[in-house]
Amino acid sequence: MHILLLGSGGREHALAWKMVKSHHCDQLFIAPGNAGTAEFGANLPIDISDFTDIKNACLFHKINMLVVGPEEPLVEGIYDFFQADPQLQHIIVVGPSAAAAQLEGSKAFSKKFMQRHNIPTAGYAEFTAGNFEEGKKYIAAHSLPIVLKADGLAAGKGVVIAASHDEALQVFKEMIINKQFGEASSKVVIEEFLQGIEVSVFALTDGEVYQVIGHAKDYKRIGEGDTGLNTGGMGCVSPVPFMDTAFMRKVEERIIKPTIDGLAKEKLNYHGFVFFGLMNVQGEPWVIEYNCRMGDPETEVVMPLLQTDLVALFAAMDNGTLADANISFDERSCATVMAVSGGYPGAYQKNLPVNGLADCRMNNDSMVFHAGTKQVGDAVVTNGGRVLAVTSYGNTLAEAVEKSKTVLQKISFEGMYFRKDIGYEF
Ligand code: AMP
Ligand code: GLY
């Protein structure tokens, strides 16, 4: 099979690493990829939103399977674009239709979907410029803290947890009246704050049946002890100790099954990953959000722990045999620690040489996944806020984290920073 993978982050490097292990994968192309993905296939300099260029690459390289890493092309309708084109229809697309990708693309859509299917989620209301005054009254009467969410995609910056009514009002005005995120914040969801521990669960579905392929806990804050600004994710661990059989049964019965049944009932065409962003509130799972793709850096621990052939799973998803797939997991623990650029998640420099990579080749214990890098001549340079995700196996989470930190000590670039306390509470 010739596979084209879209994206350029650590998630894509981990997916590439996993897919090339499959005997179904004859050739892998990554668009645009990074310095790490080039190790496993050919990087193609294509913009992931340019569907015409993607089509031409698929025809030229005789692609049989398109795996979509990030959400933008899915929300923009890449699945539908392939279905509608007689030259592309035969290609297996791993990712939902645009209609189904609204689970991630519109917070208001996903909240209504959960309400329709009785899936536990925080109480909420939605507002636009049309009922702005009503929204102000809603905020004034709301308990603290107040969670405000831009309806559309806002590059991970669209959620604010306001500690006071004044702050909430300011954010509300900024989003709706000053159009902070353009069209994406023309509608705002205001919801109750859920107090608990977050965990992400991942399933692969054909829109009717599903398989759980893993879970992880992400550390989103830049600072140690979960302080400071939100980032895309500074590290992950899996398995999470509280994800025992009893909790997982609740997640499947109350959340995953009703979600997949809801997709089927509403004829929302979905062939791909579902990311369930959950909050464990005193032992009960609630949905914080859906994403229509894998997480980053969650993928960097989920793929190393999944023993099942991923490309075979994609084929099973396509040919209606997903229910029969045998899913097995590595028994070890896994952790990933993200090395980021100085200044991230604020402004940061790019094009800084990354040193020490040659001494840290992937081995049986640790893998260096590239998140934001590019190759310039012989050098690997930084090309993003999140630069490298170092994943390790261990007999315990603490051992896995220690191994990743040891690897990171051999790597350097100007301003490099990583959290030393990933997995601290376990
Ligand atoms: P999202 O963009 O929906 O992932 O939200 C970003 C982050 O905001 C989540 O990962 C949570 O940490 C936090 N968050 C979102 N909604 C809530 C909520 N209702 N209660 C508590 N925290 C939330
Ligand atoms: N790590 C969170 C995400 O991928 O959305």
Side-chain angles (χ1 to χ4, degrees), residues 1-5 7 10-28 30 37 40-41 64-69 92-96 199-217 236-240 243-245 248-249 251-252 256-257 259-260 270-276 291-336 362 364-367 369 389 391-394 400:
M1 214 177 257
H2 289 192
I3 303 175
L4 174 60
L5 169 63
R11 166 181 52 211
E12 286 72 28
H13 196 188
L15 287 169
W17 170 85
K18 178 71 180 160
M19 289 194 291
V20 296
K21 291 179 188 294
S22 169
H23 66 269
H24 299 289
C25 179
D26 299 310
Q27 272 194 53
L28 179 66
I30 310 96
T37 62
F40 299 121
N64 316 101
M65 182 183 276
L66 177 76
V67 180
V68 186
I92 300 172
V93 178
V94 180
V199 63
S200 313
V201 176
F202 299 91
L204 185 69
T205 185
D206 62 4
E208 289 186 6
V209 300
Y210 69 89
Q211 294 282 359
V212 174
I213 57 158
H215 74 262
K217 182 176 189 302
C236 266
V237 297
S238 186
V240 175
M243 293 294 283
D244 54 13
T245 322
M248 204 49 214
R249 191 176 303 130
V251 171
E252 291 210 34
I256 304 183
K257 281 198 189 105
T259 299
I260 306 303
Y270 208 121
H271 290 79
F273 296 113
V274 193
F275 171 147
F276 297 87
N291 294 313
C292 59
R293 50 164 176 89
M294 287 299 292
D296 194 351
E298 287 90 338
T299 308
E300 289 94 302
V301 294
V302 167
M303 287 304 142
L305 290 177
L306 178 68
Q307 285 176 328
T308 311
D309 179 328
L310 185 64
V311 182
L313 274 179
F314 292 153
M317 173 196 77
D318 179 66
N319 67 24
T321 58
L322 188 60
D324 307 327
N326 203 347
I327 309 286
S328 62
F329 299 103
D330 195 305
E331 304 254 299
R332 288 173 291 178
S333 293
C334 200
T336 196
M362 301 224 182
N364 289 334
D365 256 7
S366 294
M367 289 88 76
F369 293 122
T391 297
S392 303
Y393 295 105

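The first residue of the sequence shown is numbered 1, and numbering continues consecutively from there.
With sequence neighbours excluded, the residues satisfying side-chain hydrogen bond (donor to acceptor under 3.5 Å, both in side chains) with T259 are Y290. Annotation: side chain to side chain contact (heavy atoms under 4.5 Å, CB included) contacts of Q211 (sequence neighbours excluded): L322, A325, I327. Scored by the side chain to side chain contact (heavy atoms under 4.5 Å, CB included) test, T245 finds R249 as partners (sequence neighbours excluded). Here E300 pairs with R11, A14, D296, P297, T336, M338, F369, A389, T391 under the side chain to side chain contact (heavy atoms under 4.5 Å, CB included) rule; sequence neighbours left out. By the side chain to side chain contact (heavy atoms under 4.5 Å, CB included) test, A216 pairs with C236, S238, E298, V301, V302, sequence neighbours left out.
M65 and V94 make their closest contact through CG-CG2, 4.4 Å (heavy atoms, listed as atom of the first residue, atom of the second, distance). Of all heavy-atom pairs between V237 and A335, the closest is CG1-CB, 4.1 Å. M317 and D206 make their closest contact through O-CB, 3.4 Å (heavy atoms, listed as atom of the first residue, atom of the second, distance).
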Please lay out, stage by stage, how I256 and F276 fare under the test side chain to side chain contact (heavy atoms under 4.5 Å, CB included).
CA-CA 8 Å; I256 304 183; F276 297 87; 3.9 Å; yes
Please report the C-alpha distance between E12 and V67 in whole Å, then the side-chain angles of each, then the deciding distance to 0.1 Å, and finally whether the side chain to side chain contact (heavy atoms under 4.5 Å, CB included) criterion is met.
CA-CA 10 Å; E12 286 72 28; V67 180; over 6 Å; no
Check step by step if side chain to side chain contact (heavy atoms under 4.5 Å, CB included) holds for F273 and F202.
CA-CA 7 Å; F273 296 113; F202 299 91; 5.7 Å; no
Begin from the C-alpha positions of V201 and F275 and carry the test side chain to side chain contact (heavy atoms under 4.5 Å, CB included) through to its verdict.
CA-CA 6 Å; V201 176; F275 171 147; over 6 Å; no
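Side chains of Y270 and E208: no donor on one and acceptor on the other come within 3.5 Å.
Cation-pi contact between R332 and Y393: present, with separation from the ring centre below 6.0 Å and deviation from the ring axis of at most 45°.
Among residue pairs with one or both ends in residues 308-329, none qualify as salt bridge (Lys or Arg N to Asp or Glu O under 4.0 Å); sequence neighbours excluded.
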